[in-house]
There are 2 protein chains.
Amino acid sequence: MKLGQATIKDIAKELNVSTSTVSRALKDYPGISDETKRKVKELADKLNYRPNAVALSLRKSKSFTIGVIIPEVVHFFFSTVISGVEEVAFANGYNVILCQTNEKFNREKSSVETMLSNQIDGVLVSFSRETTNFDHFKKMIELEFPIVFFDRIPDLENTINVTVNDYQGAYKAVKHLIDQGFKRIVHLSGPDNLTISKQRKEGYLDALKDSGIKVKPEWIVECPYGTEKESILITIELFKNKENRPDAIFAHHDIVAAGAMMALKALNLRIPEDVGVVGFSNWQFSSMIDPPLSTVAQPGFQIGETATKILLDLINKKTNMDSSPLNIVLDTELLIRKSSVKV
Amino acid sequence: MKLGQATIKDIAKELNVSTSTVSRALKDYPGISDETKRKVKELADKLNYRPNAVALSLRKSKSFTIGVIIPEVVHFFFSTVISGVEEVAFANGYNVILCQTNEKFNREKSSVETMLSNQIDGVLVSFSRETTNFDHFKKMIELEFPIVFFDRIPDLENTINVTVNDYQGAYKAVKHLIDQGFKRIVHLSGPDNLTISKQRKEGYLDALKDSGIKVKPEWIVECPYGTEKESILITIELFKNKENRPDAIFAHHDIVAAGAMMALKALNLRIPEDVGVVGFSNWQFSSMIDPPLSTVAQPGFQIGETATKILLDLINKKTNMDSSPLNIVLDTELLIRKSSVKV
DNA sequence: TTGTAAGCGTTATCAG
DNA sequence: CTGATAACGCTTACAA
């Protein structure tokens with residue numbers, strides 16, 4: 001209206017036919033004379049007719065829109081995921097509506113409400129760091145609302161999850177450090193309530209155990225915020241004592257690793273000669289820092305693609321939610337760069 | 001329905017009142033008995049009633065949704081902008097629908113169509129690298145559809161734009177290099193059809209001119225793709241000849257700068273002793289590389305915020321499109337780090 | 001204080 | 001081959 005947007009009614013009036021005829025003509029329904037079809041389509045073209053998606057949604061109880069709830073867009077990993085989501089959604093004629101929670105529980109809850117209100121067809125979720133109560137998601141699941149979790153997955157029954165093999169990634173990373181001759185490997189870990197953090201820690205622990213290395217409790221330090229600054233402070237603290245210093249760091253993601261590297265440089269420790277470093281996630285910058293950072297690459301784009309494909313299948317009933325509590329686990333890849341290779 | 005979602009009708013039937021009464025009760029309209037209000041609200045609560053946003057959109061011809069069209073989510077700058085957009089939109093009860101064009105013109109055109117079909121209330125656009133024809137946007141503007149361009153702005157009449165002062169940023173950066181004693185400053189420039197690229201180039205040229213430095217044509221090299229690899233190759237080529245080598249690089253963004261730094265290191269040139277480097281955009285990694293990269297910071301988040309505020313004003317008729325062809329230009333900030341400071 | 005009915009744009013159903 | 005009508009969920013004159 002505001003747009004002078006032509007509707008099916010306008011076309012009908014102009015051509016002296018009924019709206020149903022127009023509707024059918026536009027969709028090439030059988031049983032409409034070619035003549036009428038032609039006229040309708042011509043006029044539609046001329047008037048720049050565009051079907052009103054909102055009316056369609058209402059009519060069909062289907063919006064061709066999926067929602068994505070993530071902690072933060074600016075995290076490289078998440079933006080990669082979104083990119084994958086967008087691709088698949090777009091290819092299938094779906095729109096993507098975005099809500100970032102900024103790692104806030106309340107924001108997450110209200111995002112869920114918004115999404116439901118907006119009649120979206122399904123939702124992809126990676127929940128916030130603060131989230132320990134999953135009732136808002138449970139409600140959706142009970143309503144059989146299509147939902148797929150990725151990366152950060154909840155401790156709930158009957159969910160469909162797409163993750164990477166964090167355990168395996170961490171294991172490979174630490175094993176690699178051990179193979180390089182590092183022995184006192186510390187772990188800068190993530191927030192404890194996230195499965196991914198736990199998995200990475202497990203991988204770290206098992207790799208050490210399998211190599212007969214006994215872990216000291218002080219080797220595991222949580223970096224809940226995952227910022228560069230936090231990591232610098234923690235690293236400096238870790239290396240304060242000159243005796244029995246750690247000789248390698250496995251960080252739960254690259255920003256933390258980069259922070260650690262900055263701290264090490266400030267302490268005049270050489271990487272990797274004195275201290276080896278491996279990160280997680282293969283952030284954009286990781287190959288560009290000095291020395292280039294070894295890291296565990298997560299296929300973010302692929303996570304987005306996969307999760308979206310599954311969600312669309314769910315929406316279109318090709319998959320059934322309860323019939324198949326699904327757990328897709330994608331492989332990680334250890335990218336060995338200079339920061340962890342003894343010469 | 002599928003969700004067992006309760007509607008106003010359900011409530012009405014259950015309480016033996018009309019739907020209008022329910023509607024009014026829920027919105028605290030005057031002239032509804034407290035008793036009824038209470039009952040309605042109670043039941044609504046119990047049934048987990050949630051207004052159907054789609055029906056509302058249809059009724060009011062307003063969707064409380066804005067669209068964002070950008071080249072790529074994974075670019076740090078754009079994800080920062082989105083973050084700002086999301087904040088303001090969320091705070092005002094608006095949803096954000098996202099389309100990335102992947103720098104493809106066709107994709108951009110179809111995104112515009114989708115958005116219009118979906119009755120979004122307004123749109124924020126940063127167009128693709130490929131876009132030289134602006135008819136699809138022109139159409140929107142002629143229809144008085146609320147649209148705000150940011151960062152990459154078109155050559156059209158009567159548009160509202162939010163940009164950063166690219167010219168000024170570039171000028172400051174190059175002036176700084178000159179002040180540090182660099183004299184043969186090359187510019188790795190962006191794609192020529194983008195205003196931002198032109199502006200940055202102008203800033204570069206003027207800074208040199210104002211300092212009485214004559215620019216050699218071979219000092220300006222276009223890096224249209226802006227990838228690290230492209231930049232490495234170009235830099236190596238630029239420094240091939242040992243005589244009269246450049247002594248500083250001003251790159252049109254940080255990835256390009258980082259690529260150049262990698263090339264310089266490979267050539268055993270020291271940064272900043274032999275070659276000074278300044279980038280653009282202040283990517284996340286820029287402070288973490290070695291040496292930390294001087295760069296021109298663009299307030300991405302603020303761009304997103306500002307553009308969205310203006311868009312919402314437009315939508316709500318607080319601002320008028322043609323009455324005020326607006327050009328908001330935000331300031332950049334030169335962040336001086338080690339890569340450009342002679343000791 | 002409450003109800004009736006029309007309408008937002010579209011399509012499915014039934015009837016001609 | 002085409003038309004009338006109802007319905008999706010909600011709001012809002014207008015009536016009562």
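Each chain gets a letter, A, B and so on, in the order its sequence line appears, and its residues count up from 1.
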To the nearest angstrom, the NZ-C1' distance between A:Lys9 and C:dT11 comes to 13 Å
- Would you please test A:Glu42 and A:Arg38 for salt bridge (Lys or Arg N to Asp or Glu O under 4.0 Å) and show each step? CA-CA 6 Å; A:Glu42 250 177 45; A:Arg38 198 185 46 73; 2.9 Å; yes
Here the salt bridge (charged side-chain N to carboxylate O under 4.0 Å, His left out) pairs for residues 124-133 of chain B, sequence neighbours left out, are B:Lys104-B:Glu130
Taking five pairs at each terminus, the helix from C:dT1-D:dA16 to C:dG16-D:dC1 shows an axis bend, to 10°, of 50°
note: B:Lys62, atom NZ; D:dC10, atom P; distance rounded to Å ~ 19 Å
Between NZ of A:Lys13 and P of D:dG3 the distance, given in whole Å, is 15 Å
Q | Short side-chain N/O contact to C:dC8 OP1/OP2 from B:Ser57, under 4.0 Å | A | no
A:Ser126 meets the side-chain hydrogen bond (donor to acceptor under 3.5 Å, both in side chains) criterion, sequence neighbours left out, with none
side-chain hydrogen bond (donor to acceptor under 3.5 Å, both in side chains) filter on A:Asn118, not counting sequence neighbours, yields B:Asn95
note: A:Leu15, atom CG; D:dT2, atom P; distance rounded to Å ~ 11 Å
A:Ser128 meets the side-chain hydrogen bond (donor to acceptor under 3.5 Å, both in side chains) criterion, sequence neighbours left out, with A:Thr131
A:Asn52 atom CG is separated from D:dC8 atom C1', nearest whole Å, by 13 Å
Walking DNA chain C from its 5' end, the first of B:Leu58 and B:Ser33 to be reached, judged by nearest nucleotide, is B:Ser33
request  = Quick one: label A:Val17 by what it contacts on the DNA or RNA (base, sugar-phosphate, nothing), any heavy atom closer than 4.0 Å.
outcome  = sugar-phosphate
In B/S/- notation (B base, S sugar-phosphate only, - none; protein heavy atoms under 4.0 Å), nucleotides 11-16 of chain D written 5' to 3' is BBB---
Checklist line | Exercise: do A:Asn161 and A:Thr159 side chains pair donor with acceptor under 3.5 Å | finding: yes
To the nearest angstrom, the CG-C1' distance between B:Asp10 and D:dC10 comes to 13 Å
Please work out whether the ring planes of B:Phe127 and B:Phe137 are parallel, tilted or perpendicular, with thresholds of 30° and 60°.
tilted
Testing D:dA4, D:dC10, C:dT10 for proximity to the side chain of B:Thr7, the answer is D:dC10
The side chain to side chain contact (heavy atoms under 4.5 Å, CB included) partners of A:Ser110 (sequence neighbours excluded) come to B:Phe90
Taken in chain and number order and not counting sequence neighbours, the residues that satisfy salt bridge (charged side-chain N to carboxylate O under 4.0 Å, His left out) with A:Lys9 are none
Residues passing the salt bridge (charged side-chain N to carboxylate O under 4.0 Å, His left out) test with A:Glu108, sequence neighbours excluded, are none
B:Lys41 meets the side-chain hydrogen bond (donor to acceptor under 3.5 Å, both in side chains) criterion, sequence neighbours left out, with B:Asp28
Residues in residues 34-44 of chain B with a heavy atom under 4.0 Å of DNA chain C, by number, are B:Thr36
Quick note, side-chain hydrogen bond (donor to acceptor under 3.5 Å, both in side chains) partners involving residues 300-316 of chain A, not counting sequence neighbours, are none
Rounded to whole Å, the CG-C1' distance (A:Asp28 to D:dT2) equals 16 Å
request  = Check whether any side-chain nitrogen or oxygen of B:Ser61 sits under 4.0 Å from OP1 or OP2 of C:dC8, and answer yes or no.
outcome  = no
